[in-house]
Amino acid sequence: MLDRRFVTDNINLVAENCRLRGASVDVGKFAELDLLRRKLQLDIDRLNQEAGRVSKSIGKVSEDEREPLKREGRRLREEASVLQAKQAEVLEESDKILRSIPNLTHSEAPHGGEDDAAEVRRGTSPIPSFAFNPRDHVELGENLKLFDFEAGSRVAGHGFYFLTNDGVLLELALQKYAIDLLMQEGFTIMTTPDVARDSILEGTGFMPRGPETQIYSISNSDLSLIATAEITLGGAMSEKVFNSDELPVKLCGISHCFRTEAGAHGRATRGLYRVHQFTKVEMFTFTAPDQSDAMHQQLLELECKIFDGLGIPYRVVDTATGDLGGPAYRKYDLEAWMPGRGEAGEWGEVTSTSNCTDYQARRLAIRFRNPNEKGTQFVHTLNGTAVAISRAIVAILENYQQEDGSVKVPEALVSWMGKTTMTVSHG
RNA sequence: GGACGGGUGGCAGAGCGGUUGAAUGCACCGGUCUUGAAAACCGGCAGACGUGAAAGCGUCUCGUGGGUUCAAAUCCCACCCCGUCCGCCA
């Protein structure tokens, strides 16, 4: 959420930003409503002030002098409550608009839609060339008995799966690999709840329970399954006021992620690429405003380090304005090379990192205080994927496959896996 | 799930219907004193919103939301959270 005052003071700028991001929002209407809200506030304040004066005077006066003053007090409060109800309506309507206004945008972010993302760099690992026809991860994984989609859909429906045998070891190895690295980088590691209150989802910029929601909700409760630990990690500090010397705070959370993927039918849905549940190791940081750009670069560096360490080829793209979603001010995606995708391999998103500036912090009320300065400021929040297990597995299987259908274990995972190759002979 | 107890400023902790946005202590900041520090003493110290060029002024906020009343931190209701005991349980 943007600051309402900022929006009314910068209508044109905000409207132009909405246009760039492909969000159809009536910014003018918002400004109009907010002006009305302010005017009503002024009237309400005046009435309250008068009513308060009357109330205080009653206490100082003898019993039989009180009745006329009580009547006056009643009248004033009634008048105020009428205006208050009206203001509440105005506030609700304007808030609805305000919440649909996306964050401001970094000036260097490329303009356009999904295909306009700008490639900014490549990883250290070269794209593999195979002397044979590379298989896709589904074929590889089924041969190696790494997962069981049939059992998954029997139990929970299409899009769910069991990891089995080396598939399980791979998941655990990737988790351990990632958290070891992040612990060294000063992150506090944590496992998080896999559910959160709707208010926390909303504060983070997710919209549960709408007609097009990506979120599973639990009926008869205000809880939803989380789509990412970004929700719980951000929510963990809601209402908190940090001291400036505590920042930056760097958290690393392991959680399951649940996504309905409504409307995604037919879009690269094969296998593990787009599933309803997966495990993810997520980075989340809170910084002072002047540190967030640098922190964003650091998170990107870490994501690169993790995938370079796994020996997976990738490219980094600077996401275009129309594809940023609501909260992100700027976003980088890591797209791993996936030899089994499409005709002759394609890039597929494996991680992303966003600087959400104060957009989430404002709704979650996460602030910081500078000693010797009056008041508080909102922190900036940033998030980045360390490893989304399911997609990392896709990338590993397809890049490390060998002609006989076995898959080499990336060097960095060998010690956790206890083997150098995954072969059919398992079990 | 049942029975109690409780949620007040950065922390601890009073207040239990009327000038209380809130005593007191600690912490913190400024000052006096001191060669310096400590101690002592004096002063300051919540957030949001609105208004104003500013100083300031105003409104709101004592877990959240509703209710009673001229007036609520204080009374009533619902919900959330935290303790303790009991039950259940990985």
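Just so you know, these numbers use all the heavy atoms, side chains as well, and skip hydrogens, waters and symmetry mates.
Contacts of A:R46 with the nucleic acid, taken as non-hydrogen atoms under 4.0 Å apart, are absent. Among the atoms of the strands shown, none is found under 4.0 Å from any heavy atom of A:R53.
For A:D34 and A:R5, the salt-bridge test fails: no basic side-chain N is under 4.0 Å from an acidic carboxylate O. For A:E301 and A:K305, the salt-bridge test fails: no basic side-chain N is under 4.0 Å from an acidic carboxylate O. The pair A:E79-A:R75 meets the salt-bridge criterion, with a side-chain N (NZ, NE, NH1 or NH2) lying under 4.0 Å from an Asp/Glu carboxylate O. Using a 4.0 Å cut-off between charged side-chain N and carboxylate O, A:E89 and A:K86 make no salt bridge. A salt bridge links A:R74 with A:E67: the closest approach of a Lys/Arg side-chain nitrogen to an acidic carboxylate oxygen falls below 4.0 angstrom.
Judged as a side chain to side chain donor-acceptor pair (under 3.5 Å), and not counting sequence neighbours, A:T213 has no contacts. Residues passing the ring pair (Phe, Tyr, Trp, His ring centres under 6.0 Å) test with A:F307, sequence neighbours excluded: none.
One atom, CD1 of A:I58, and another, C1' of B:rG17, lie 13 Å apart when rounded to the nearest Å. B:rG10 atom P lies 11 Å from atom CG of A:N243, rounded to whole Å. Across the protein-nucleic acid pair, A:D222 atom CG and B:rU64 atom C1' stand 12 Å apart, rounded to whole Å. Atoms CZ (A:R77) and P (B:rU59) sit 11 Å apart, rounded to a whole Å. Atom-to-atom, NZ of A:K70 to P of B:rC70 comes out at 6 Å; the value is rounded to the nearest Å. Atom CZ of A:R71 is separated from atom P of B:rU69 by 16 Å (rounded to the nearest Å). Atom pair A:E239:CD and B:rG10:P shows a separation of 12 Å (rounding to whole Å applied). A:I200 places its CD1 atom 16 Å from the P atom of B:rC80, with the value rounded to the nearest Å.
For the salt bridge (charged side-chain N to carboxylate O under 4.0 Å, His left out) condition, no pair includes a residue of residues 375-387 of chain A, sequence neighbours left out. Each salt bridge (charged side-chain N to carboxylate O under 4.0 Å, His left out) pair with one or both residues in residues 99-109 of chain A, not counting sequence neighbours, appears once here: A:E108-A:R330.
For B:rA39 and B:rC33, the C1' atoms lie 11 Å apart once the distance is rounded to whole Å. Taking atom P on both B:rC76 and B:rC81, the two are 22 Å apart, rounded to the nearest angstrom. Distance noted for atom C1' between B:rC77 and B:rU24: 34 Å (whole Å). Taking atom P in both B:rG6 and B:rC75, one finds a spacing of 11 Å when rounded to whole Å. B:rG21 and B:rU74: their P atoms are spaced 13 Å apart (whole Å). Rounded to whole Å, the C1' atom of B:rC70 lies 39 Å from the corresponding atom of B:rG83. Comparing the same atom, C1', in B:rA78 and in B:rA23 gives a spacing of 32 Å after rounding to whole Å. For B:rA46 and B:rG9, the C1' atoms lie 6 Å apart once the distance is rounded to whole Å.
Residues A:D222 and A:S199 are not in side-chain contact: their nearest non-hydrogen atoms beyond the backbone lie 4.5 Å or more apart.
When each of A:E50 and A:R66 is assigned the nucleotide of RNA chain B bearing its nearest heavy atom, the one mapping closer to the 5' terminus is A:R66. Comparing A:I44 and A:L69 along RNA chain B, the residue whose closest nucleotide (by nearest heavy atom) sits nearer the 5' end is A:I44.
Across B:rU59, B:rA71, B:rC80, the shortest atom-to-atom separation from the side chain of A:S55 is found for B:rA71. Nearest to the side chain of A:Q49, among B:rU19, B:rG58, B:rC70, sits B:rG58.
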Give the dot-bracket string for RNA chain B, reading 5' to 3', where a pair is Watson-Crick or G-U wobble with both distances under 3.5 Å, ( ) marks pairs inside the strand, [ ] marks pairs crossing earlier ones, | marks a partner on another strand, and . marks unpaired. ((((((((.[[[..)..(.....]]].(((((.......))))).((((((....)))))).[[[[[..)....]]]]])))))))....

Show each protein N/O and nucleotides 48-51 of chain B N/O combination with a separation under 3.5 Å, one pair to a line.
| from | atom 1 | to | atom 2 | distance (Å) |
| --- | --- | --- | --- | --- |
| B:rA48 | OP1 | A:T376 | OG1 | 3.3 |
| B:rG50 | OP1 | A:R5 | NH1 | 3.3 |
| B:rU51 | OP2 | A:R5 | NH1 | 3.0 |
| B:rU51 | OP2 | A:R5 | NH2 | 3.4 |

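Applying the 4.0 Å criterion to OP1 and OP2 of B:rC81, one finds that A:R197 has a side-chain N or O inside that range. Listed pair A:R74 / B:rC70 meets the phosphate criterion, a side-chain N or O lying under 4.0 Å from OP1 or OP2.
Pairing each heavy atom of A:V14 with each of A:F6, the nearest pair is CG2-CE2, 4.0 Å.
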